[in-house]
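A short worksheet on the structure shown next.
Every chain is numbered from 1, with letters handed out A, B, ... down the list of sequences.
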Amino acid sequence: MISIDETQINLIKNKFGNKVKEINLDKHDRLYITIDEDTVKELAEYVHNELGFKHANFCMGTDLDDKIEVSWYLGNPDFKTILVIRTFADREKPEVPSLRYLWSGMEWHERETFEMLGVIFKDHGDLRKLILPDLWDGYPLRNDYVYQKPSYRKPEDELMS
Amino acid sequence: MSEKTEMNLFMGPQHPSMHGLWSVRLTIDGETIVDADPQIGYLHRGYEKLLTNRSYIQGIPITDRLCYVESHSWSTAYTHTIEKLFGVELPEKANILRVLTLELQRIASHLLWLAAMSVDIGQLAMLIFPMDAREYILNMLEEITGARLTYNYVRIGGVNADLPSNFEKKMTTNFEEFNRLHSMFLDMLEEAQIFRMRTQNIGFLSKEMALSLGTTGPVLRGSGIKYDIRKNDPYFGYENYKFNIPTRTKGDAFSRYRIRLEEMQESINICWQALDKYNELKGADPFRLDKIPRKPAIGEAYTRIESGRGEAGFYALSDGTPTPARVKIKSPVYNNLQILKPLIIGGKMADIPAVMGSVDLCVGDLDR
């Protein structure tokens, strides 16, 4: 299996220039591309349509205390490499674009990142809680999260909604 | 009577064919499914948070309990990531023993799936035969690891124990018994009209949809994409083994079933090759590193292995302390289950068990 080579990395570098904050191919063949939040969609469309990264892998978020990091992991069946689009969201108002329209498998991953870290995926379309109960307060994977007992839900609310 | 009558129906969480706790909220019009909304999270144990509160080594027995059907694959996936983070290179013997046990675990996982799926579809007699065959595989795993369900066999930098001295003889007898039963499965299932009718041409998954939804494992290969992490992103020396990747182009439930059945035979081949490689080593090689670093350098790693259900991956972020700063579990079922909604909408209620069975669910690693 081939991994992504310099020419393709240069293609990305040339196309996006200084909008790419950091691009780094690590020794385990993961290509991390850090980019501003407003260019995520542009880059995503480029790697999806031009470089053939059509295989959705997963999406995750990490609380870095001063900001929240959101990464989309993408694959291509012809490549060994996993391409990671990475962006940072403001901790107070974390908003990043949703990439569900390109990779439909990101739907649940983005919902999970939303409920665990409070990241709002713009234009997701169905950003509800997935794993946690609907009445859960707070975002458990944030570093400053303190457990609160969730309020009880009424079964009829569930059925009537 | 042209009036449209839709109703809401909960399928699960305590439904015999749900294989664990999860449910689908269906909107149905007669027998036709209009809308479906899978509800998961009943078994959420907070693994990602839990692992960040433990040291790296303490994570191994915890990840062993992620999925009861193939606990070994999960603890190996976790250890694999941690080894990358620590920068540890495995001795050759540890690689071979891991390949051997992983393949045995894959067979055991597929057999439990076969038993469960056949029952869902109405082949009640097929419950006992795969379970019987699984006994022989578990016997072998018990010989190696000392346990039958949660093995706790891998260690950072190797495995827990060497092969027992008479293992080759035991493997021969156990695989003979297994093969006797395996040849029966084909006859019992595919000669039966009901099984074919309920799986063939049901639940079509196109190539584009399979990629876009991020499916892996037999679900992706059933749609015609030859993608196996053992070949595409080799680990533990899988590049030195000769094996085929069973692939189908049709994309229906039957293709996904057939791939798993063929994969079992491929796994047996890999097991024999692993044993040959083991015998060539002449026993001098260590099966575990003596020393590993106490804590890793600052960094991150995402690695993946091909488990029975698809890509089982772990992401770990180290901030230089003895506990990880962030762990993310990439579950194959999480992506594979997302095919359910597009596949069953427009279909009949009776197709749900066939589609769901062909996904091979394990709610343990779905909810994490």
Side-chain angles (χ1 to χ4, degrees), chain A residues 1-3 26-30 32 48 52-65 69 71 73-82 84 100-109 111-113 115-116 126 128-134 136 140-141 143 145 147 158-161, chain B residues 8 10 25 37-44 46 48-49 52 81 84-85 87 207-216 220 225-229 231-235 239 299-304 311 313 315 317 319 325-331 334-339 341-342 366-368:
Chain A
M1 265 298 140
I2 45 167
S3 44
D26 77 356
K27 57 180 188 284
H28 318 305
D29 240 318
R30 313 283 179 250
Y32 294 95
H48 181 271
F53 280 83
K54 291 189 194 297
H55 191 208
N57 209 322
F58 66 93
C59 163
M60 63 169 286
T62 310
D63 186 4
L64 298 175
D65 289 330
E69 176 194 276
S71 319
Y73 285 66
L74 310 163
N76 181 340
D78 303 328
F79 281 143
K80 188 183 166 190
T81 311
I82 290 180
V84 186
R100 182 189 167 190
Y101 72 108
L102 290 170
W103 295 276
S104 45
M106 292 297 177
E107 179 186 349
W108 283 11
H109 290 285
R111 278 172 70 181
E112 192 190 333
T113 312
E115 67 183 345
M116 293 295 178
D126 190 20
R128 289 173 292 141
K129 282 199 164 72
L130 176 70
I131 288 175
L132 297 178
D134 293 344
W136 190 278
L141 282 184
N143 292 343
Y145 173 75
Y147 174 71
E158 168 100 336
L159 285 169
M160 294 302 163
S161 63
Chain B
N8 277 331
F10 261 95
R25 188 194 221 164
D37 183 20
Q39 315 253 316
I40 64 169
Y42 294 91
L43 214 61
H44 179 61
E48 289 171 7
K49 187 88 175 174
T52 56
T81 303
K84 284 276 190 284
L85 211 56
K207 218 173 182 173
E208 292 72 32
M209 211 153 91
L211 277 176
S212 172
L213 285 166
T215 59
T216 43
L220 184 63
I225 294 160
K226 207 168 183 174
Y227 183 76
D228 189 312
I229 295 154
K231 292 263 193 208
N232 285 45
D233 191 0
Y235 52 94
E239 59 270 33
E300 59 184 341
Y302 173 69
T303 62
R304 49 195 181 155
E311 174 179 334
Y315 167 88
L317 172 71
D319 54 359
R326 173 85 166 97
V327 177
K328 165 81 187 170
I329 304 168
K330 198 266 164 181
S331 152
Y334 200 71
N335 282 53
N336 289 356
L337 187 63
Q338 291 185 61
I339 73 169
K341 189 176 168 183
L366 171 71
D367 286 349
R368 290 154 292 143

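- Interface remark: A:R100 contributes no atoms to any contact with chain B (heavy atom separation under 4.5 Å).
- B:Y315 places no side-chain N or O within 3.5 Å of a backbone atom of A:M60 that could act as its donor or acceptor partner.
- The choice from A:D126, A:D29, A:I82, A:D26 that makes the most heavy-atom pairs within less than 4.5 Å of chain B is A:I82.
- Taking the side chain as every heavy atom from C-beta outward, A:N57 and B:R304 approach each other to under 4.5 Å.
- Chain A forms the most heavy-atom pairs under 4.5 Å with one residue out of B:G46, B:G41, B:G214, and that residue is B:G214.
- Annotation: the span from B:K328 atom NZ to A:C59 atom SG amounts to 7.5 Å, rounded to 0.5 Å.
- Proximity to chain B (any heavy atom under 4.5 Å) is shown, for A:L74, by neither the backbone nor the side chain.
- Taking B:D319 as the reference, nothing meets the salt bridge (charged side-chain N to carboxylate O under 4.0 Å, His left out) condition, with sequence neighbours excluded.
- For B:Y227 against A:N76, the heavy-atom pair with the smallest separation is CE1-O, 4.5 Å.
- Rounded to the nearest 0.5 Å, atoms NZ (B:K49) and CG (A:L141) are 6.0 Å apart.
- B:S212 and A:A56 get closest at one heavy-atom pair: O-CB, 3.4 Å.
- Closest non-hydrogen pair, B:R368 versus A:I131, comes out as NH2-CD1, 3.7 Å.
- Side-chain contact between A:W103 and B:L213 is absent, with no heavy atoms from C-beta onward closer than 4.5 Å.
- Between chain A and the options B:L337, B:L43, B:L220, the largest number of non-hydrogen pairs under 4.5 Å is found for B:L337.
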key: side chain to side chain contact (heavy atoms under 4.5 Å, CB included) evaluation trace for B:E48 with A:E112   = CA-CA 12 Å; B:E48 289 171 7; A:E112 192 190 333; 4.0 Å; yes
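- The distance from the NZ atom of B:K341 to the CH2 atom of A:W108 is 9.5 Å, given to the nearest 0.5 Å.
- Aromatic ring centres of A:F58 and B:Y302 lie closer together than 6.0 Å.
- Between the OG atom of A:S104 and the CD1 atom of B:I339 there is a distance of 11.5 Å, given to the nearest 0.5 Å.
- Interface residue B:I40: backbone and side-chain heavy atoms are both found under 4.5 Å from chain A.
- Proximity to chain A is absent for every atom of B:E208, based on heavy atoms less than 4.5 angstrom apart.
- Under the side-chain contact (heavy atoms from CB on, under 4.5 Å) criterion, A:K129 pairs with A:E115, A:L132, A:D134, A:W136, sequence neighbours left out.
- The closest side-chain donor-acceptor pair between A:H109 and B:N335 falls under 3.5 angstrom.
- Within the 3.5 Å criterion, the main-chain N or O of A:L64 finds no donor-acceptor partner in the side chain of B:R326.
- Annotation: side chain of A:R128 is in contact with side chain of B:D37 (closest heavy-atom distance under 4.5 Å).
- The two residues B:A301 and A:H28 have their closest heavy-atom pair at CB-CD2, 4.3 Å.
- Within the 3.5 Å criterion, the main-chain N or O of B:T215 finds a donor-acceptor partner in the side chain of A:H55.
- Annotation: side chain of B:E300 is in contact with side chain of A:Y32 (closest heavy-atom distance under 4.5 Å).
- Test B:N232, B:I229, B:D233 against A:K80 for side-chain contact (heavy atoms from CB on, under 4.5 Å) and you get one pass: B:D233.
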